[in-house]
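Side-chain atoms are counted along with the backbone in the values below, which use heavy atoms only and exclude waters and symmetry mates. Here the structure is a predicted model, which is why all the values come from computation and not from measurement. Throughout, a chain's letter reflects where its sequence line sits, starting with A, and its residues are numbered from 1.
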Protein chains: 2
Amino acid sequence: MVAPSLRARVRAGMIDEIKAVARRHLATDGANLSLRAVARDMGMVSSAIYRYFPSRDDLLTALILEGYEALGDAVEAADAGADRADLRGRWHAVCRAARAWALAHPAEYALLYGSPVPGYAAPDDTVAPAQRPPMTLVGILRDGVAGGRLHPSGEELPEPLRSDVAELAALIEVDLPPALLARAMAGWTQLFGLISFELFGRINRMLPHRDEYFDHQTGLMADLIGLPA
Amino acid sequence: MVAPSLRARVRAGMIDEIKAVARRHLATDGANLSLRAVARDMGMVSSAIYRYFPSRDDLLTALILEGYEALGDAVEAADAGADRADLRGRWHAVCRAARAWALAHPAEYALLYGSPVPGYAAPDDTVAPAQRPPMTLVGILRDGVAGGRLHPSGEELPEPLRSDVAELAALIEVDLPPALLARAMAGWTQLFGLISFELFGRINRMLPHRDEYFDHQTGLMADLIGLPA
DNA sequence: GATCCGTCAAGAGCAGCGCTCTCGGTTTTG
DNA sequence: CAAAACCGAGAGCGCTGCTCTTGACGGATC
């Protein structure tokens with residue numbers, strides 16, 4: 001590890017500051033991030049930004065990547081902080097952590113999970129960090145099966161689907177019965193839907209106790225999966 | 001009903017044509033709809049559009065409203081086309097219709113259920129049509145309970161939540177046990193999540209048989225609700 | 001120590017955007 | 001028939017992302 005040159009360090013600091021300012025703008029003004037406004041906030045001219053990011057989309061990509069990492073960190077930390085044997089407690093901890101992060105960073109969550117920008121195509125770098133939250137949920141089930149605390153039912157998926165899910169399980173290197181993995185995916189889908197409805201929609205505008213609603217709905221999915229109480 | 005003047009008729013036609021062209025642009029270019037491009041396609045100057053829509057947001061609102069109505073029509077038609085006594089068949093028909101509409105109109109679906117545009121606030125006119133799809137799902141349960149084909153379990157929600165959901169049930173004038181209504185909301189959330197993942201995400205890029213996956217996942221929610229096979 | 005090359009911020013400029021206002025011309029209305 | 005309402009075109013404002021050129025600075029090299 002050779003010491004980076006002064007210029008390299010200054011440059012890295014600039015990149016970090018640009019991302020920080022951009023994230024601040026994202027939080028206040030929403031998804032339509034203006035490069036010129038970011039530059040203005042930094043006392044620079046808009047063209048100077050292009051020394052650090054070749055385009056606005058690349059800046060957004062950097063923010064998306066960091067967002068996935070931040071969400072993944074929060075989710076995995078919540079899982080690690082729970083009693084390993086308490087599958088249901090871990091499930092709820094992970095779900096709550098994802099929701100808490102989304103509520104704390106709504107604009108970034110919208111960037112990650114909202115409707116994609118038309119011209120924009122997420123690069124492949126984003127796919128691995130994006131899988132961390134659902135993989136954490138799957139990890140709970142894997143631990144449960146391995147530890148004998150979660151007993152998969154003998155349910156078998158109908159055939160065109162069973163091999164699809166089995167291949168998916170092999171791809172992500174998870175040794176779970178396809179039927180159980182499908183239920184885990186339903187739980188992940190539900191979690192995403194719950195958070196998105198709370199952030200974007202006004203569906204549960206009339207539900208004052210949102211924490212309790214969230215816990216109950218994620219608990220329903222824990223039931224569906226078969227996590228023991 | 002007095003006959004509308006020639007100008008009024010031509011004006012209504014213009015409004016329709018603007019919306020049609022805008023919808024076409026929406027389908028190709030995505031959510032960042034350009035008023036000037038729409039005007040160009042119509043052989044007009046951009047300022048002329050403002051004779052018909054006071055702002056770009058109002059045009060989008062009109063498109064959103066029509067989108068909700070179209071989705072609601074599709075969903076209700078699917079429900080109406082199924083055997084009234086076959087609760088599970090109706091459930092699947094409604095879910096499939098929503099998915100089919102979304103796949104056929106991805107940009108409009110993104111407009112309805114994607115991340116909201118920062119400055120934009122949906123007017124109250126949109127709330128009623130937006131509730132048609134979930135209300136259709138709830139209607140299946142209501143018919144089932146009324147017809148004696150769906151027997152709600154004795155499950156009771158814990159207290160802060162029970163009264164919330166009960167008030168919500170009263171608000172939408174649905175006489176269902178709160179616990180059952182909560183499960184219906186979970187099903188609706190799941191449906192939204194499934195469609196969004198398929199449209200936006202690349203989660204199930206590796207699931208070739210998407211129809212079967214969708215049916216199975218919505219079937220899981222039918223199980224959770226207790227719809228009889 | 002002078003030189004040279006890579007890097008940097010700044011500025012001008014292009015095309016596009018939403019939106020406003022004004023100006024003639026047409027249509028409807030009283 | 002005159003007044004009022006409506007319409008499209010055009011100019012223009014401030015904004016956007018982005019490109020290109022210019023001049024200055026800094027670290028490494030001879």
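The two residues Arg162(B) and Leu157(B) have their closest heavy-atom pair at CB-O, 3.6 Å. Taking both residues in full, the closest heavy atoms of Leu199(A) and Pro106(A) are given as CD2-CB, 3.9 Å, listed atom of the first, atom of the second, then distance.
The closest donor-acceptor contact from the side chain of Arg132(A) to the backbone of Glu76(A) lies at 3.5 Å or more, if one exists at all.
As rounded to whole Å, 7 Å separates atom P of dC17(C) from atom CZ of Arg36(B). Atom pair Arg11(A):CZ and dG27(D):P shows a separation of 16 Å (rounding to whole Å applied). At whole-Å resolution of the value, CG in Leu59(B) and P in dC17(C) are 14 Å apart. What separates OH of Tyr50(A) from P of dT16(D) is a distance of 11 Å, to the nearest Å. The distance between atom CG of Leu35(A) and atom P of dC15(D), rounded to the nearest whole Å, is 16 Å. Atom pair Ile49(B):CD1 and dC6(D):C1' shows a separation of 16 Å (rounding to whole Å applied). Counting to the nearest Å, the C1' atom of dC7(D) and the CE atom of Met14(B) are 9 Å from each other. Tyr52(B) places its OH atom 9 Å from the C1' atom of dC6(D), with the value rounded to the nearest Å.
Remark on DNA chain D: of its neighbouring residues Arg51(A) and Leu33(A), the 5'-side contact belongs to Leu33(A), judged by nearest-heavy-atom nucleotide. If you find the closest nucleotide of DNA chain D to Gly43(B) and to Ser46(B), the one lying nearer the 5' end belongs to Gly43(B).
For Ser47(B) and dG10(D), a side-chain-to-base donor-acceptor distance below 3.5 Å is present, hydrogens and geometry of angles not being considered.
The phosphate of dT20(C) (OP1 or OP2) has no side-chain N or O of Arg56(B) nearer than 4.0 angstrom. The phosphate of dG18(C) (OP1 or OP2) has a side-chain N or O of Ser34(B) nearer than 4.0 angstrom.
Residue contacts shown for Phe53(B) are absent, as no nucleic acid heavy atom lies under 4.0 Å away.
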Derivation of the side chain to side chain contact (heavy atoms under 4.5 Å, CB included) call for Leu63(B) and Glu108(B) = CA-CA 8 Å; Leu63(B) 294 179; Glu108(B) 286 180 81; 5.9 Å; no

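Using bins of under 30°, 30° to 60° and over 60° for the plane-to-plane angle, the ring pair Trp188(B)/Phe197(A) lands in the parallel bin.
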